[in-house]
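The structure under discussion appears below in the form of structure tokens.
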Amino acid sequence: MKLSVPVTRRAAAAVAVAAATLLTSGSIAGAAPAPEAVAAAPDLPVANVKAHLTQFQSIATANGGNRAHGRAGYTASLNYVKGKLDAAGFTTTVQSFTSGGRTGYNLIADWPGGDTNKVVMAGSHLDSVTSGAGINDNGSGSAAVLEAALTVARTGYQPTKHLRFAWWGAEELGLVGSRYYVNNLSSANRARISGYLNFDMIGSPNPGYFVYDDDPTIEKTFKDYFAGIGVPTEIETEGDGRSDHAPFKSAGVPVGGLFTGASRTKTAAQATKWGGTSGQAFDRCYHSSCDTTSNINDTALDRNSDALAYAVWELSK
């Protein structure tokens, strides 16, 4: 369990980044700040992330087995996340829209402080399909983003840039909520977003470690983290244009993100690289009723949650 070794993991990442800096700068003085910058990003306890997933599962179970757009399970999920953020001191905004004859909602949470002309956003879709609870898709991303936000508050983090977190509605109907949000931003407010980080399915049971390659700086930030803990990555292709980063990218906002795979099959080479089972889907329960709390790989959830925190801290400092 990561709770027993957070210093070891963080130290390993710090050493790797410091070494890379030394090699490129040829200067010990140039390398010195790197460990300090890495250490500023805390580990997110995977137990906390899983506790949010348990809540999402309970909400789905109590509301027809799903957390889909326009259904009671979605509203209850949004209220759970909003309650946590309000108590932690975030300024929250609920944005409503209509799709398929039902009202949907986005939840936006701003952390007070930082330069509002330079906004770093992290987001995930909160809705499931109607056929299941959607714990990997996308309770996993939603829970990790929530825990990252709560950790910002718990640690009293005050970055140079302004931090904003988002949970999108109706992604499963075609990125409806995130597109509505982006389309309703003024051109000036769109320009103020220096980066949007997307987290959609980060705990797949037969996981791969995929990094979006849309923006070079964001891509490198994630790759640096995984290199620091000795986990190889591949470029994400399965979800290209299929998640909530797409409207931001279309509007000219730099985007990036993480993904552990959906219905594509893990190859033998990938199984050798990452473990797991070749010839099986990364997530055999994708968009199915079996996407429950038992459909999560704890190691993948842990690593990706920590990579999320690392990127938020690194890109907002």
Side-chain angles (χ1 to χ4, degrees), residues 1-14 16-17 34-53 81 84-85 88-90 109-111 113-114 119-124 138-167 194-203 209-212 217-231 233 255-260 296 298-317:
M1 293 291 291
K2 75 188 271 297
L3 290 177
S4 64
V5 291
V7 175
T8 300
R9 176 178 298 169
R10 186 61 62 203
V17 175
E36 194 172 299
V38 174
D43 278 341
L44 301 190
V46 71
N48 291 7
V49 182
K50 290 184 69 179
H52 301 315
L53 293 181
V81 175
K84 291 285 189 183
L85 296 165
F90 281 84
D110 284 274
W111 182 238
V119 179
V120 173
M121 287 190 73
S124 58
N138 183 38
S140 61
S142 293
V145 172
L146 173 58
E147 189 57 29
L150 296 178
T151 302
V152 166
R154 190 162 53 243
T155 60
Y157 180 45
Q158 292 297 330
T160 301
K161 296 178 182 178
H162 181 76
L163 285 178
R164 181 175 298 153
F165 299 88
W167 291 262
S194 60
Y196 171 72
L197 313 178
N198 194 61
F199 303 92
D200 190 351
M201 301 180 67
I202 60 169
Y209 292 88
F210 299 102
V211 176
Y212 297 12
T217 299
I218 298 173
E219 177 187 355
K220 183 180 184 301
T221 302
F222 284 123
K223 284 183 172 180
D224 283 350
Y225 178 80
F226 281 106
I229 61 170
V231 175
T233 60
V255 301
L258 300 175
F259 179 62
T260 52
I296 291 290
D298 287 359
T299 299
L301 184 69
D302 188 4
R303 289 170 172 171
N304 281 279
S305 296
D306 289 341
L308 185 167
Y310 174 80
V312 167
W313 260 251
E314 189 70 13
L315 294 168
S316 65
K317 66 184 183 180

So do [Y] and [X] actually touch side chain to side chain, heavy atoms under 4.5 Å?
X	Y	result
Tyr212	Ile218	no
Trp167	Leu85	yes
Ser305	Val46	no
Tyr157	Thr151	no
Phe222	Thr233	no
Asp306	Ile229	no
Leu258	Val211	yes
Asn304	Phe226	yes

Hey, what do you get for [atom1] ([X]) to [atom2] ([Y]), rounding to the nearest 0.5 Å?
X	Y	atom1	atom2	answer
Asp43	Asp302	CG	CG	7.0 Å
Leu315	Thr221	CG	OG1	4.0 Å
Asn138	Phe259	CG	CZ	10.0 Å
Leu163	Asp110	CG	CG	9.0 Å
Ser194	His162	OG	NE2	11.0 Å
Ile296	Met201	CD1	CE	9.0 Å

Check [X] against [Y] and note the closest heavy-atom contact, atom names and distance.
X	Y	result
Ile202	Ala144	CD1-CB, 3.6 Å
Val312	Ala122	CG2-CB, 4.2 Å
Thr260	Gly203	OG1-N, 3.3 Å
Ala88	Leu150	CB-CD2, 3.8 Å
Ser316	Pro159	O-CB, 3.2 Å
Ser124	Ser142	OG-CA, 3.1 Å

Q.
Can you tell whether the side chains of Arg154 and Glu147 come within less than 4.0 Å, N to carboxylate O?
A. yes
Q | Side-chain donor or acceptor of Tyr225 paired with backbone N/O of Ala311 under 3.5 Å | A | no
Q.
Please enumerate all residues that pass salt bridge (charged side-chain N to carboxylate O under 4.0 Å, His left out) together with Lys161, with sequence neighbours excluded.
A. none
**Q.** With Lys50 via salt bridge (charged side-chain N to carboxylate O under 4.0 Å, His left out) - residues at least two apart
**A.** Asp298
Q) Taking only residues two or more places apart in sequence or in another chain, which ones pass side chain to side chain donor-acceptor pair (under 3.5 Å) with Tyr196? A) Trp168, Asn198
